[in-house]
Colleague: 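There's a structure below that I have some questions on.
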Amino acid sequence: MSGTINVLNVAEKPSVAKSVSSILSRSPNPHSREGRSRYNRIFEFNYSIRGQPCHMIFTSVTGHLMEIEFEERFRKWHSCDPVDLYQAPVCKYVPEEKNDIKRTLEEEARKCQWLVLWLDCDREGENIAFEVIDVCRAVNHHLVIRRARFSALIDREIHHAAQNLVEPNQLFADAVDARQEIDLRIGASFTRFQTMLLRDKFNIDFSADDKNLVLSYGPCQFPTLGFVVERYWEINSHEPEEFWTINCSHKSDEGMATFNWMRGHLFDYTCVVIIYEMCVQEPTATVKNVRQAEKLKYPPHPLSTIELEKRASRYFRMSSEHTMKVAEDLYQAGFISYPRTETDCFSSRTDLHIIVQEQQRHPEWGSYAQRLLDAGAGLWRNPTGGGHDDKAHPPIHPTKFSAGEPRWSQDHCRLYELVVRHFLACVSQPAVGAETTVEIDIAGELFSASGRVILTRNYLDVYRFESWGGSMIPSYVVGQQFIPTTLTLDSGVTRPPQLLSEADLLTCMDKAGIGTDATMHDHIKKLLDRFYATKDQNTRFCPTSLGEALVMGYDNMGYELWKPNLRSMMEFDMKEVSVGNKSKHEVLTTCLQQMKACFLDARLNKIKLLEAMEVFFERSNRSTGDEHHTAGEVVRSCGLCQEADMVLRRSRDGNFMVGCLGFPQCRNAVWLPGSILEAAVTRNICSSCSPGFL
DNA sequence: GCAAGGTC
């Protein structure tokens, strides 16, 4: 073997550079010096790779080093036709704020014989690896380039990776190149097109700073908007239907039992009346069945990013964007582990007990932590995972004890508490309850009642965010007979679903593969920033007229640009590229060809987009006048808000519409076609569809 | 001024 060689090692982020350096140098604080970028230090130590003595120089980037952009002459909005953006040359460049990292890499690469890439082992990481290669090779053509493959920051894994270096995977990087290019071309072309088309035609009046009103289109943000609009439409089109049911209760010395009709509810009034009459004539109830069973309520799986966002939204009404900001703070200060992870199971190598031990001092949950560690208490249970593992980061867990820091905001305290309590819950036994179900028979009709008592709370003692409802019911024995205390015929009305909450929206995105754990909150925030949707105090999202108009415009064209399919197809193609079934060129060509055709067609049909905007901005303009308060003929009560009446009126352009008097709080409305010359409210009921009770 | 993806 020759003498010592210099090896430049690059990780995706500073924390990984430090961890890997510690492991390889077998020292908790390896020697380090400053680089040109103040975040990315350079660690130095000696190491031996397969007998070759190496002087290791270990630094990092911060995610992608480069961005993709159109060539200069296509960057200005009016410099070209947006359709040109499907062929315009694109290039990768290092943005200004990453220049110091680039310079560090160049300076160090000149001194080295080898370059070892320690980027995350996913597609994006592989792509970043090639960005680093580009920069380093430009200043040193003789570099020997190697890739370290590791899935966890633990000794065995890291030493194994260092001793078994491989080639970087061009296919993985290609998949990301294709994704970037498609996203840029589609996003920029549609954004410019719809912004320039609609901004000048409509006086879209936003109270805030709208000097740079941009109506953006993106393959992630639009499907996200699509979910919001789709739910809103589902609510609007809901026709409340009246139903009937029979309820029965029985009061005894032990308390009250409420029995539900096992038929649930029926929409046929006559039918329910006949059954009810039978029950009233022979009201004696006979107990047919009494079941007792032990039920378990399991603690949640270890915490992934999406779950953290969902739970912070549900428990504290924190937005996912704010949650990630606070989590990042806590992570930077060392209180919680890395907050961007898909993993919801702990590696068997993680020492869970040590994490619990640290929390024993806490005034609120410390005693619970002590009980967990007491083997005699039997509270401990090894956590069960949810089956997700990104092979890079553990689930989110506390890494340092705190009883609250002076600099923390209320949200920092809450989020730290959630992470700790969630962790303690994960390693706890499930809650145990006893459930009793009683079935009775009245005149041949079956009713049932159930009750539950919690026998052992276990994890519920620490996880104060969850409860397990249930009430006691008196005891019954099979064959026992009694006369019900009440037996009533009740009516109800079917309700529309609720608007999507932030947690619902995250679930929709996760299922459809829209965005990643690190970006989903960005796409949600974008809907609010672009005035496409609003969020109420209960974190529920409602599309604005603008958001609804955009989705409706494309929907009327017959395109599913606002549905998640487009992104799923792209994801599928990316996978094909990364395993070598399709080439990057092939995927780019076909995908962009299709999107260009779609773009040209959309432009040809821009009248649909304009029409959709007219509908909503007509409606929006009206709200500034007071004419919507003028009464019209009442058609029916509003099924959406269930508070005001729907009335028939003429809109400003002379067309008929049926709108809710609750406007603008309630935006329920039906717009009749302009070809209708007369409209009136009658009591006649359509004989073919015979709508039910309204 | 435009996308989505890394990360500080």
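Each chain gets a letter, A, B and so on, in the order its sequence line appears, and its residues count up from 1.
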Colleague: Which residues within residues 124-140 of chain A lie with some heavy atom under 4.0 Å of an atom in DNA chain B?
Modeller: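 Output list: A:E124.
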
Colleague: In whole Å, what is the span from the CE atom of A:M509 to the C1' atom of B:dG5?
Modeller: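 In whole Å, B:dG5 C1' lies 13 Å from A:M509 CE.
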
Colleague: Run the ring-ring contact (aromatic ring centres under 6.0 Å, His included) test against A:Y554 and tell me which residues pass, sequence neighbours left out.
Modeller: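 By the ring-ring contact (aromatic ring centres under 6.0 Å, His included) rule, A:Y554 matches A:F222.
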
Colleague: Residues from residues 88-108 of chain A sitting under 4.0 Å of DNA chain B, heavy atoms only?
Modeller: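 Contacts with DNA chain B under 4.0 Å: A:K98.
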
Colleague: How many whole angstroms separate atom CG of A:L592 from atom P of B:dA3?
Modeller: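 Rounding to the nearest Å, CG of A:L592 and P of B:dA3 are 17 Å apart.
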
Colleague: What pairs meet the ring pair (Phe, Tyr, Trp, His ring centres under 6.0 Å) rule with one or both residues in residues 69-105 of chain A, with sequence neighbours excluded?
Modeller: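 Output for this query lists A:Y86-A:F599.
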
Colleague: List the residues meeting side-chain hydrogen bond (donor to acceptor under 3.5 Å, both in side chains) with A:Y416, not counting sequence neighbours, and say none if there are none.
Modeller: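 Per chain and number, A:Y416 pairs via side-chain hydrogen bond (donor to acceptor under 3.5 Å, both in side chains) with A:Q359.
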
Colleague: Rounded to whole Å, please give me the gap between CE in A:M570 and P in B:dA3.
Modeller: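 Computing the A:M570:CE to B:dA3:P distance gives 14 Å.
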
Colleague: Given that A:Y39 and A:R75 both sit by DNA chain B, which one's nearest nucleotide is further toward the 5' end?
Modeller: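 Per heavy-atom nearest nucleotide, the more 5' residue is A:R75.
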
Colleague: Does a nitrogen or oxygen in the side chain of A:Y338 sit under 4.0 Å from OP1 or OP2 of B:dT7?
Modeller: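 So the side chain of A:Y338 is within the cut-off, an N or O lying under 4.0 Å from OP1 or OP2 of B:dT7.
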
Colleague: Under the criterion side-chain hydrogen bond (donor to acceptor under 3.5 Å, both in side chains), I'd like the reasoning laid out for A:E131 against A:H64: C-alpha separation, chi angles, the key distance, then a yes or no.
Modeller: CA-CA 8 Å; A:E131 294 174 354; A:H64 277 287; 2.9 Å; yes

Colleague: Should A:R340 be listed as having a side-chain N or O under 4.0 Å from OP1 or OP2 of B:dT7?
Modeller: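 Yes, A:R340 has a side-chain N/O under 4.0 Å of OP1/OP2 on B:dT7.
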
Colleague: Would you mind listing every salt bridge (Lys or Arg N to Asp or Glu O under 4.0 Å) that reaches into residues 507-520 of chain A, with sequence neighbours excluded?
Modeller: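 Residue pairs passing salt bridge (Lys or Arg N to Asp or Glu O under 4.0 Å), neighbours aside: none found.
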
Colleague: Rounded to whole Å, how long is the line connecting atom CD1 of A:I514 with atom C1' of B:dG5?
Modeller: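 Taking atom C1' of B:dG5 as the reference, CD1 of A:I514 is at 14 Å.
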
Colleague: Just do the ring-ring contact (aromatic ring centres under 6.0 Å, His included) check on A:F335 and A:W408 with the steps written out, would you?
Modeller: CA-CA 12 Å; A:F335 291 104; A:W408 282 4; 4.9 Å; yes

Colleague: On the nucleotide B:dG6, are OP1 or OP2 found under 4.0 Å from the side-chain N or O atoms that A:T516 carries?
Modeller: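 Answer yes for this pair, as a side-chain N or O of A:T516 is under 4.0 Å from OP1 or OP2.
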
Colleague: Base, sugar-phosphate alone, or nothing: which one does A:E181 contact when heavy atoms must sit under 4.0 Å apart?
Modeller: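 Counting heavy atoms under 4.0 Å across all strands, no contact is made by A:E181.
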
Colleague: Rounded to whole Å, please give me the gap between CE in A:M574 and C1' in B:dA4.
Modeller: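 Distance, rounded to whole Å: 12 Å.
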
Colleague: Begin from the C-alpha positions of A:F45 and A:H31 and carry the test side-chain contact (heavy atoms from CB on, under 4.5 Å) through to its verdict.
Modeller: CA-CA 7 Å; A:F45 54 92; A:H31 170 74; over 6 Å; no

Colleague: Go through the structure and list residues passing ring-ring contact (aromatic ring centres under 6.0 Å, His included) with A:H422, not counting sequence neighbours.
Modeller: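 In terms of ring-ring contact (aromatic ring centres under 6.0 Å, His included), with neighbours along the sequence ignored, A:H422 is linked to A:Y463.
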
Colleague: Below the 4.0 Å mark, does B:dA3 have OP1 or OP2 next to a side-chain nitrogen or oxygen of A:R567?
Modeller: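 A:R567 to B:dA3 OP1/OP2: no side-chain N or O under 4.0 Å.
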
Colleague: Report yes if at least one side-chain N or O of A:H523 is closer than 4.0 Å to OP1 or OP2 of B:dG5; otherwise report no.
Modeller: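 Yes.
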
Colleague: Counting any heavy atom closer than 4.0 Å, what does A:E12 reach on the DNA or RNA strands: base, sugar-phosphate only, or nothing?
Modeller: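 Sugar-phosphate, backbone atoms only, no base.
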
Colleague: Does A:P219 reach a base, just sugar-phosphate, or nothing at all? Heavy atoms under 4.0 Å.
Modeller: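 A:P219: backbone/sugar contact only, no base atoms under 4.0 Å.
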
Colleague: Atom NZ of A:K13 to atom P of B:dG6: distance rounded to whole Å?
Modeller: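 Spelled out: NZ on A:K13 to P on B:dG6 is 10 Å.
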
Colleague: If you apply the rule side-chain hydrogen bond (donor to acceptor under 3.5 Å, both in side chains), what do you find for A:T59 with A:N40, and how did you get there?
Modeller: CA-CA 6 Å; A:T59 186; A:N40 307 80; 5.5 Å; no

Colleague: Can you list everything that forms a ring-ring contact (aromatic ring centres under 6.0 Å, His included) with A:F58? Sequence neighbours excluded, please.
Modeller: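 ring-ring contact (aromatic ring centres under 6.0 Å, His included) check on A:F58 returns A:W118.
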
Colleague: What residues form a side-chain hydrogen bond (donor to acceptor under 3.5 Å, both in side chains) with A:E157, not counting sequence neighbours?
Modeller: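 By the side-chain hydrogen bond (donor to acceptor under 3.5 Å, both in side chains) rule, A:E157 matches A:S151.
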
Colleague: Looking at A:T519, I'd like to know whether one of its side-chain N or O atoms comes within less than 4.0 Å of OP1 or OP2 on B:dA4.
Modeller: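 Result: no.
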
Colleague: Would you mind listing every salt bridge (Lys or Arg N to Asp or Glu O under 4.0 Å) that reaches into residues 7-23 of chain A, with sequence neighbours excluded?
Modeller: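 Non-adjacent pairs meeting salt bridge (Lys or Arg N to Asp or Glu O under 4.0 Å): A:K13-A:D120.
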
Colleague: Give A:D120 one of three labels, base, sugar-phosphate or nothing, depending on what nucleic acid heavy atoms sit under 4.0 Å from its own.
Modeller: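 Sugar-phosphate, no base atom in range.
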
Colleague: Think A:Q221 has a side-chain N or O under 4.0 angstrom from the OP1 or OP2 of B:dA3?
Modeller: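 A:Q221 to B:dA3 OP1/OP2: side-chain N or O found under 4.0 Å.
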
Colleague: Could you tell me which residues satisfy ring-ring contact (aromatic ring centres under 6.0 Å, His included) with A:H397, sequence neighbours excluded, listed by chain and number?
Modeller: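 With sequence neighbours excluded, A:H397 shows a ring-ring contact (aromatic ring centres under 6.0 Å, His included) to A:F346, given in chain and number order.
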
Colleague: Just call it for A:R38: base, sugar-phosphate, or nothing, with non-hydrogen atoms closer than 4.0 Å on any strand.
Modeller: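 No contact at all - A:R38 keeps every heavy atom at 4.0 Å or more from the nucleic acid.
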
Colleague: Can you measure A:D122 atom CG to B:dA4 atom P for me and round it to whole angstrom units?
Modeller: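 My rounded result for the distance is 19 Å.
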
Colleague: If you take any heavy atom closer than 4.0 Å to DNA chain B, which residues from residues 184-194 of chain A end up in contact?
Modeller: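 By residue number: A:L184, A:G187, A:A188, A:T191, A:R192.
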
Colleague: Pick the closest DNA chain B nucleotide for A:D517 and for A:L85 by heavy atoms, then say which residue is nearer the 5' end.
Modeller: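 That would be A:L85.
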
